[in-house]
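To keep things clear, I will list the structure first and then write my remarks on it.
Each chain gets a letter, A, B and so on, in the order its sequence line appears, and its residues count up from 1.
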Amino acid sequence: MRLSGPSQYGPVFKNGTHTGGGGLTVLFVKNSVGHPRLGLAIAKKHIKFATGRNKIKRIIRASFQARQSQLGSVDVVVLSRKEITKRSAAQLQSTLDKHWQTVITQWEK
RNA sequence: UGAGACGGCUAAACAAUCGCGGUGCUUUAGUGCUGAGGAAAGUCCGGGCUCCAUAGGAUAAAGUGCCAGAUAACGUCUGGGAGGCGUGAGCCUACGGAAAGUGCAGCAGAAAAUAAACCGCCUAGUUUGAUUUGUUCGGCUUGGUAAGGGUGAAAUGGUGCGGUAAGAGCGCACCGCGCGGUUGGUAACAAGCGUGGCAUGGUAAACCCCACUUGGAGCAAGACCAAAUAGGAGGGCAGCUUGUGGUAACACAGGCAGGUGUGAUCCGCACCGUCCUCGGGUAGGUCGCUUGAGGCGUAUGGUGACAUACGUCCCAGAUGAAUGAUUGUUCUCGACAGAACCCGGCUUAUGGCCGUCUCAGCUU
């Protein structure tokens, strides 16, 4: 489910395909595990307080879980951007849905 | 009812389904248990713990600063004293030293520190002044005077009476202050007695002096396991052949091989044993990591902070970092905010509820 350690994060950062927008950047790459795995990187620089960071992580995890069955064996890392402070929770969910869709279509190819 | 002071409690509730971090049990898919805060925050103090060191003394630097107690310790807390603020409940205070030394004080004001005569008040002298001819007023000179005016945050004790030419601790009373006993109190201090005639202006959150405290770095502390690579130590085995020595193991000398680089290739040139063990410690992993100056209850001691005894409970332990989503019901429609080694405080942010007390108004 979860990515852990530089050995698992490293390949995604190096070879991952980018999609972005809406205050988030999504990197993804195929893996050999057979199920999707999620990693999060929400910068303290962008969101100052810990509660705010936790909220965004929860939103991303929830939407990831909802789409989990549709995603193939992919490692995904979601990064925060500066504009994320301007986005509401509902906006984030819709943009995440878009990003998952692009990941699915890319993976099917 | 309004305004206020102090203290305590709480952190939407319940149910279902799907998930997440720990952990146990069967066993590889289920299931049980459990899972953020009052501030987890700021990182401002104090400890524990760990390593470096061996800290005995002195100096520097930093901090603390009424007294007594609590505590592992503190700059925290409790009780007391003093001063200040408020009608009051209550609240606030870096609250040691200015007769060890140095420094500082804008404007105003005559003068701001070995005090000082601007206006004024008073004595004496003087007079081409005025004049109601006076023991008057004015000018000038000489002294005396800090009572009054004015300036200032602050002007060398305050008020009153006596006293005096006018004044003045010059004298007296009371208050304040200094010094010395006495009494009460562990002490800070208070009360009262005697005495001095009034001294030491302010500023130490200016330097400074005095007393006390502090070794440094921090869980990325630190301990252990440990791939790979380079270098290190020890040991085993070290191609073929000729000669010499030796019984032999082996040693010495020569020749031929082997690998890598250079290069299209050959020659040439340069470089090179191999395996094991130890040590080392990188990536990575494990521990540290949650049973603790612990919580809750009762009793006892203490004004209290707190201590002691007994009983009882186990209450997050992640590491790109766990609490969410959906549905239903209810209400006052939910603030500030997320553990990261652990405790004791302080400070700051913040929704709601309750109690006690004070002041004002109204009713009885």
Side-chain angles (χ1 to χ4, degrees):
Chain A
M1 287 290 143
R2 219 154 73 169
L3 287 173
S4 72
S7 58
Q8 291 177 23
Y9 269 85
V12 185
F13 281 120
K14 270 192 178 177
N15 312 316
T17 317
H18 288 244
T19 38
L24 293 168
T25 304
V26 179
L27 301 171
F28 59 95
V29 74
K30 280 187 184 181
N31 68 23
S32 54
V33 187
H35 57 83
R37 293 188 298 189
L38 179 69
L40 295 166
I42 310 300
K44 205 174 183 181
K45 209 175 181 181
H46 300 153
I47 302 160
K48 203 181 170 188
F49 293 104
T51 35
R53 288 196 295 279
N54 282 343
K55 267 183 190 173
I56 284 163
K57 283 179 192 173
R58 277 165 196 161
I59 291 163
I60 294 165
R61 280 205 199 91
S63 78
F64 175 78
Q65 275 169 25
R67 295 303 199 89
Q68 204 173 333
S69 54
Q70 298 173 44
L71 295 162
S73 77
V74 186
D75 284 344
V76 183
V77 173
V78 181
L79 296 154
S80 67
R81 280 190 175 175
K82 215 177 181 181
E83 310 95 79
I84 202 162
T85 45
K86 297 170 190 170
R87 305 287 162 155
S88 67
Q91 277 180 316
L92 276 175
Q93 286 204 0
S94 62
T95 51
L96 275 166
D97 278 339
K98 276 183 197 170
H99 289 321
W100 298 139
Q101 205 57 51
T102 53
V103 171
I104 289 161
T105 50
Q106 284 276 323
W107 186 74
E108 278 170 351
K109 281 179 186 176

- Query: Given that both distances must come in under 3.5 Å, which nucleotide forms a Watson-Crick or G-U wobble pair with B/G167?
  - Reply: none
- Task: Determine the Euclidean distance between corresponding P atoms of B/G56 and B/U348; express it in Å to zero decimal places.
- Result: 40 Å
- A/Leu27 versus A/Val76: any side-chain heavy-atom pair under 4.5 Å? no
- Message: Just N and O in the side chain of A/Arg58: are any of them under 4.0 Å from OP1 or OP2 of B/A325?
- Response: no
- Message: Checking one value: the base orientation of B/G280, syn if chi is within 90 degrees of 0, otherwise anti.
- Response: anti
- Query: What is the distance from NZ of A/Lys55 to C1' of B/A36, rounded to the nearest Å?
  - Reply: 15 Å
- Query: Hey, does A/Leu38 have a side-chain heavy atom less than 4.5 Å from the side chain of A/Val78?
  - Reply: yes
- Syn-anti status, with the boundary at 90° from 0, for the nucleotide B/G181: syn
- Item | Beyond-backbone contact of A/Val74 with A/Val29, side-chain heavy atoms, under 4.5 angstrom | no
- As its Watson-Crick or G-U partner within any shown strand, both distances under 3.5 Å, B/G30 has B/C25
- Item | B/G352 to B/G46 separation - C1' atoms, rounded to the nearest Å | 34 Å
- Message: Measuring only the P atom in each nucleotide, how far is B/A61 from B/A89? A whole number of Å is fine.
- Response: 48 Å
- Query: Can you tell me how far P of B/A321 sits from CD1 of A/Ile47, to the nearest Å?
  - Reply: 13 Å
- Counter-base of B/U135, judged by Watson-Crick or G-U geometry with both distances under 3.5 Å: none
- Message: At less than 4.0 Å, is any side-chain N or O atom of A/Arg61 found next to OP1 or OP2 of B/A322? Yes or no.
- Response: yes
- Item | Partner nucleotide, any strand, of B/A116 [Watson-Crick/G-U, under 3.5 Å] | none
- Item | Nearest-nucleotide 5' precedence on RNA chain B, A/Leu79 against A/Ile59 | A/Leu79
- Query: Please give, in whole Å, the distance from B/G338 P to A/Ile56 CD1?
  - Reply: 14 Å
- Message: Need the pair for B/C353. Rule: Watson-Crick or G-U wobble, both distances under 3.5 Å, any strand; none if unpaired.
- Response: B/G8
- P atom, B/A116 versus B/C92: distance in rounded Å? 48 Å
- Partner nucleotide of B/A340 by Watson-Crick or wobble geometry (both distances under 3.5 Å): none
- Item | Protein-nucleotide distance (A/Phe64, atom CZ; B/C20, atom P), rounded to Å | 11 Å
- Note on the structure: Against the side chain of A/Gln65, the closest entry in B/A36, B/A339, B/G19 is B/G19
- Whom does B/A206 pair with, Watson-Crick or G-U wobble, provided both distances fall under 3.5 Å? B/U102
- Please answer whether the main-chain N or O of A/Ile47 pairs with a side-chain N or O of A/Arg53 as donor and acceptor at a distance below 3.5 Å. yes
- Task: Measure from CG on A/Asn54 to P on B/G35 and round the result to the nearest Å.
- Result: 19 Å
- Determine if the base of B/G38 is syn or anti; take syn to mean the glycosidic torsion is within 90° of 0. syn
- Item | Pairwise P distance for B/A257 and B/C266, with rounding to whole Å | 14 Å
- Query: To the nearest Å, how far apart are A/Arg53 CZ and B/A340 P?
  - Reply: 12 Å
- Message: Quick check for you: among B/A339, B/G19, B/A337, whose closest atom lies nearest to any side-chain atom of A/Thr51?
- Response: B/A337
- Task: Write down the distance separating the C1' atoms in B/C357 and B/U87, rounded off to the nearest Å.
- Result: 16 Å
- What's the NZ-C1' distance between A/Lys44 and B/A340, to the nearest Å? 11 Å
- Message: I need the full list of ring pair (Phe, Tyr, Trp, His ring centres under 6.0 Å) pairs touching residues 70-99 of chain A, with sequence neighbours left out, sorted by first then second residue.
- Response: none
- Item | Student check: side-chain heavy atoms of A/His18 and A/Val26 closer than 4.5 Å | no
- Message: Would B/G169 be called syn or anti here, given the cut-off of 90° from 0?
- Response: syn
- Quick one: which residue pairs count as a ring pair (Phe, Tyr, Trp, His ring centres under 6.0 Å) with a foot in residues 76-96 of chain A, not counting sequence neighbours? none
- Message: Taking only the P atom of each, what is the distance from B/U282 to B/G35 in whole angstrom?
- Response: 39 Å
- Query: Is the base of B/C315 syn or anti, if syn means a glycosidic angle within 90° of 0?
  - Reply: syn
- Spacing of the P atoms in B/G2 and B/A339 (rounded, Å): 41 Å
- Message: Would you say that A/Leu79 contacts A/Leu24 through its side chain, given a criterion of any heavy-atom pair below 4.5 Å between the two side chains?
- Response: no
- Message: Checking base pairs now: Watson-Crick or wobble, both atom distances under 3.5 Å. What partners B/A41?
- Response: B/U347
- Within this structure, what is the CG-to-P distance between A/Leu38 and B/A322, rounded to whole angstrom? 12 Å
